[in-house]
Number of protein chains: 2
Amino acid sequence: MGKAKKYRSNCLQYLALDVFGDKWTLLIIRDMIIEGKKYFREFLKSKEKIASNILASRLQAMEEEGIIHKKNDPQHKQKIIYLLTEKGIDLFPILMENARWSMKYQPVDREDAKKAQAILDGGPEAIQAIMEKLKKEHLTE
Amino acid sequence: MGKAKKYRSNCLQYLALDVFGDKWTLLIIRDMIIEGKKYFREFLKSKEKIASNILASRLQAMEEEGIIHKKNDPQHKQKIIYLLTEKGIDLFPILMENARWSMKYQPVDREDAKKAQAILDGGPEAIQAIMEKLKKEHLTE
DNA sequence: TTATTTTGATTTTATTTTGCAACTGGTTTT
DNA sequence: AAAACCAGTTGCAAAATAAAATCAAAATAA
């Protein structure tokens, strides 16, 4: 029997927001993609100071939604490596659209804006290139 | 003296999510753009059944953020017309990226998907065209 | 003109989510 | 062996969200 999740609606927007329409999920994705973070303790050190219990519950939810997956660190028996799935990597274009909007209307950090603008100037090909690189790093078996 | 809002960070993502990174804002924007809704009672009738107090507080917050603006209905003195600002219309590309992602990974309604795909097939020009049309409808003074 | 309905909310009460700080059992480093 | 580090967990308070009932002003119907 399928474990069909019951949704409030099957609208395109609702089904997207159901996965990442909260305060933290996209920030964690940002930390993974932009900052290259992989470990629990690294996520804790983000600028926005997420609490450890919130982080733990978010990571679990993200894994259940299939946008990240866990791996054991072969070096450290204690450490867990958090990696993106393809479904998670495909959130990158959304991050870039958010960035485009923020740069137009919000008091963003100038350094961040420069980096983002460089990618946007490269067009969809630049975004695709970054996603291909992410796939090599994160989908490695 | 400026009323500078204090942010937890000036990151591109955080500053975007601070405005629309909640459960309802983008759904209300969707109702305005896709369904053409303009009145309080219309928003109440959305598929996801937002409560009236939540709707009221969301609309107020959205107005304070400058993504919507209110107008009095000349026909009905009681009615208030909710319209998008340019800042709000510029959220449309984000909705379209969300739609693209949902179509790839979520059990979306087929009719909704068809309409969205038609727009995406038109490329950035199709999205721009819709935004120009929205400007004519919503920014009319 | 009176009664009813409709408007955009507000109030009340209950539930859920978030946030903070301390702590855990174990591992690695020094 | 001691200290630092690891991914979480626990308990409790505060804040956000939700459902239902209610509101006064205005429009409509009788």
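Only this structure's heavy atoms are used, side chains among them; waters, hydrogens and symmetry mates stay out. Throughout, protein chains are lettered first and strands after them, A, B, ... in sequence-line order, and every chain is numbered starting at 1.
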query: Can you find a heavy atom in the side chain of A:Ile54 that is under 4.5 Å from one in the side chain of A:Trp24?
result: yes
task: Could you tell me the separation between the NZ atom of A:Lys77 and the P atom of C:dG26, rounded to a whole number of Å?
output: 13 Å
- prompt: Hey, does the side chain of A:Arg41 come within less than 4.0 Å of D:dC5's phosphate (OP1/OP2), counting only N and O?
  reply: no
query: Starting at CG of A:Leu44 and ending at P of C:dC20, how long is that distance when rounded to a whole Å?
result: 12 Å
statement: Out of C:dT18, C:dG8, C:dC20, minimum distance to the side chain of A:Ile54 belongs to C:dT18
statement: From CD of A:Gln75 across to P of D:dC6 the rounded distance in Å is 14 Å
message: Within the 4.0 Å heavy-atom criterion, would you say B:Ile80 contacts the bases, only the backbone, or no part of the nucleic acid?
response: sugar-phosphate
task: Measure the distance from CZ on B:Phe40 to C1' on C:dT10 and round it to the nearest whole Å.
output: 10 Å
- line: In whole angstroms, the gap separating P of C:dT28 from CG of A:Asn72 amounts to 12 Å
query: Should B:Ser52 and B:Leu44 count as side-chain neighbours, where that means a heavy-atom distance under 4.5 Å?
result: yes
field: Phosphate contact (D:dT17 OP1 or OP2) by B:Trp24 side-chain N/O below 4.0 Å
entry: no
query: Given that A:Arg58 and B:Lys70 both sit by DNA chain C, which one's nearest nucleotide is further toward the 5' end?
result: B:Lys70
- prompt: Starting at the 5' end of DNA chain D and moving along, which residue's nearest nucleotide shows up first, A:His76 or A:Arg8?
  reply: A:His76
query: Are any of the side-chain nitrogens in B:Glu48 or B:Arg30 under 4.0 Å away from the carboxylate oxygens of its partner?
result: yes
- request: Quickly work out the B:Lys37 NZ to C:dT7 P distance and round it to whole Å.
  value: 14 Å
task: Figure out the CD1/P separation between B:Ile50 and D:dT17, and round it to whole Å.
output: 10 Å
task: Looking only at side-chain atoms of A:Gln78, point me to the closest of C:dG25, D:dT9, D:dA24.
output: C:dG25
Integer-rounded Å distance: D:dT17 P and B:Leu59 CG: 14 Å
task: Ignoring backbone atoms, test whether A:Lys23 places a side-chain nitrogen or oxygen under 4.0 Å from the OP1 or OP2 oxygen of C:dG19.
output: yes
message: Membership question, hydrophobic clusters at under 4.5 Å side-chain separation (ILVMFWY): are B:Ile81 and B:Leu139 in the same one?
response: no
Closest nucleotide among C:dC20, D:dA20, D:dC6 to the B:Ser52 side chain: D:dA20
message: Between the side chains of A:Asp73 and A:Lys79, is the shortest nitrogen-to-carboxylate-oxygen separation below 4.0 Å, so that they form an ion pair?
response: no
